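Please read the structure below before turning to the comments.
Please read all numbers here as calculations on a predicted model, not as lab measurements.
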Amino acid sequence: MGRGDVSDEEWARLAPHLPKNVGRGGRWKSHRRVINGILFRQRTGLPWRDLPARFGKWKTCHDRHRRWSADGTWEKILRAVQADADVEGRIDWSMVSVDSTSCRAHQHSAGARKHNPRIRGRRGRPVHHRPDEALGRSRDGLTCKIHLACEGGRRPLALLITPGQWGDAPQLIPVLDRIRVPRRGGGHPRTRPDHLGGDKAYSSRRNRRYLRRRQIKAHLPEPKDQRANRQRRGSRGGRPAGFDKTIYKRRNEVEQTINRLKNFRAVATRYDKRAYIFHGTVTVAAIWLWLRRP
């Protein structure tokens, strides 16, 4: 086993959730070797063609990662691993933090074909396909942004990929709607934490109304302009927003989660042309964080 490969303990928790061989042909063989090759590429950020020979053919690793990113297999595995952690009581629902991080897009990530991609052998487009390919322009060039919601154990619960110039506040609701941890005993998946922490970029009347409706206690600092506008309106401005400084200190958990994700060089710098493939790249990094013991 090489450095960074999936250990026996991690493989025992991951293997039951991988696709099984169906019918003739043995389509899914050597899952462990292929996944180790995908992890090696993500840790190092090297081109797919330069994968070491011990992982087999580079095209096998590339095609499996692309296919599982397109049909949502990586996301299903992530939710299955989260469900196992929830059964073991390893998810801290007392506090969920949200934040975003910008990723510099490599020049090779530009230039995707204009026509919509297709899933081989199926009708329809990839699950997380975006017409803009989640690439935005800034002064430094092309950028991409990862919006993230993590639990108290510094592991991702949900993520969203957008262009780099998109704001944080409009993405709070879409990110929280992606939190869906299945219950092994049946019933609706768990989607609601007890508390939510975020910086003042997420403070808006729409977001606070959404959190009140879902009975989630928000700990979002109020910007000076919003506070001044509320005070100027008098009684029509409403009551001051609740804010607990002690609980808010836990917001650094999401920043630590982002740092752990960016240990993967293929996440810190985007090399994938298609947005749905980069979403799968970040999802694989999130799965690895859930497989690791704290």
Side-chain angles (χ1 to χ4, degrees), residues 4-17 35 39 42-43 74-101 103 146-161 168 171-172 174-185 187-199 202 211 214-220 244-264 266-268 279-294:
D5 290 351
V6 180
S7 65
D8 294 337
E9 181 184 359
E10 294 166 354
W11 180 251
R13 297 199 298 271
L14 177 64
H17 309 304
I35 291 177
L39 289 175
Q42 296 202 170
R43 288 191 300 104
W74 286 129
E75 203 160 41
K76 294 176 183 177
I77 296 174
L78 175 61
R79 291 181 177 176
V81 172
Q82 290 175 345
D84 291 343
D86 193 28
V87 171
E88 298 172 2
R90 294 190 291 113
I91 298 183
D92 186 1
W93 290 100
S94 63
M95 177 70 170
V96 167
S97 304
V98 293
D99 204 353
S100 67
T101 179
C103 303
I146 303 174
H147 302 267
L148 191 70
C150 81
E151 48 94 34
R154 300 183 301 279
R155 289 164 300 190
L157 285 173
L159 58 96
L160 178 66
I161 308 297
D168 292 348
Q171 309 308 319
L172 175 66
V175 169
L176 292 183
D177 287 342
R178 288 172 179 259
I179 300 178
R180 301 183 65 84
V181 178
R183 301 177 189 267
R184 291 302 183 197
H188 295 285
R190 179 155 188 181
T191 61
R192 186 173 63 87
D194 299 332
H195 298 266
L196 178 79
D199 57 25
Y202 293 96
L211 295 173
R214 296 194 60 189
Q215 299 180 2
I216 302 175
K217 297 180 180 179
H219 302 278
L220 309 173
D244 191 329
K245 291 184 179 180
T246 303
I247 299 179
Y248 181 73
K249 290 181 180 179
R250 294 185 57 186
R251 194 186 66 83
N252 67 341
E253 294 169 352
V254 67
E255 297 177 358
Q256 297 178 37
T257 305
I258 291 174
N259 290 337
R260 297 179 69 191
L261 284 176
K262 284 195 169 183
N263 286 333
F264 292 88
V267 175
H279 187 280
T281 299
V282 183
T283 304
V284 171
I287 293 172
W288 184 83
L289 294 183
W290 280 100
L291 292 178
R292 299 268 309 202
R293 288 293 184 182

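- In terms of modelled atom types and a separation under 3.5 Å, the side chain of Gln171 and the main chain of Ile146 share no donor-acceptor contact.
- Looking at every heavy atom in both residues, Leu172 comes nearest to Tyr202 through CB-CD2, 3.8 Å.
- The two atoms that bring Leu289 and Arg155 nearest to each other are O-CD, 3.7 Å, heavy atoms only.
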Residues Val267, Thr281; criterion side chain to side chain contact (heavy atoms under 4.5 Å, CB included); working and verdict: CA-CA 7 Å; Val267 175; Thr281 299; 4.2 Å; yes

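- Applying side chain to side chain contact (heavy atoms under 4.5 Å, CB included) to Cys150 and the options Val96, Ile258, Val254 leaves one that passes, Val254.
- A donor-acceptor pair under 3.5 Å is formed between the side chain of Glu151 and the backbone N or O of Asp92.
- With Arg183 contributing its side chain and His188 its backbone, the two residues share a donor-acceptor pair below 3.5 Å.
- Evaluation of the side-chain hydrogen bond (donor to acceptor under 3.5 Å, both in side chains) rule for Asp86 yields Trp93 as partners, not counting sequence neighbours.
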Stepwise side chain to side chain contact (heavy atoms under 4.5 Å, CB included) test for Arg178 and Glu75: CA-CA 11 Å; Arg178 288 172 179 259; Glu75 203 160 41; 4.1 Å; yes

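- Residues satisfying the ring-ring contact (aromatic ring centres under 6.0 Å, His included) criterion with Trp290, sequence neighbours excluded, are absent altogether.
- Interatomic distance, CZ of Arg251 versus NZ of Lys249, reported as 13.5 Å (0.5 Å rounding).
- Atoms OG and CG, from Ser100 and Leu148 in turn, are 9.5 Å apart once rounded to the nearest 0.5 Å.
- Interatomic distance, OG1 of Thr283 versus CG of Leu261, reported as 10.0 Å (0.5 Å rounding).
- Open room surrounds NZ on Lys217; 12 or fewer heavy atoms of other groups in view lie less than 6.0 Å from it.
- Of the N and O atoms on the side chains of Asp84 and His17, at least one donor lies less than 3.5 Å from an acceptor on the other residue.
- In this structure, the separation between OG1 on Thr191 and CG on Leu176 is 9.5 Å, given to the nearest 0.5 Å.
- Side-chain atoms of Arg184 do not come within 3.5 Å of backbone N or O of Val87 as any donor-acceptor pair.
- Rounded to the nearest 0.5 Å, atoms CG (Asp99) and CD (Glu255) are 6.0 Å apart.
- Contact record, Arg180 with Pro189: NH2-CG, 3.3 Å, taken as the closest heavy-atom pair.
- To the nearest 0.5 Å, the span separating CD1 on Ile287 from CD1 on Ile35 amounts to 8.0 Å.
- Looking at heavy atoms from C-beta onward, Val98 lies out of side-chain contact with His147 at the 4.5 angstrom threshold.
- With Arg250 contributing its side chain and Gly197 its backbone, the two residues share no donor-acceptor pair below 3.5 Å.
- In terms of heavy-atom proximity, Ile179 sits nearest to Ala149 at CD1-CB, 4.1 Å.
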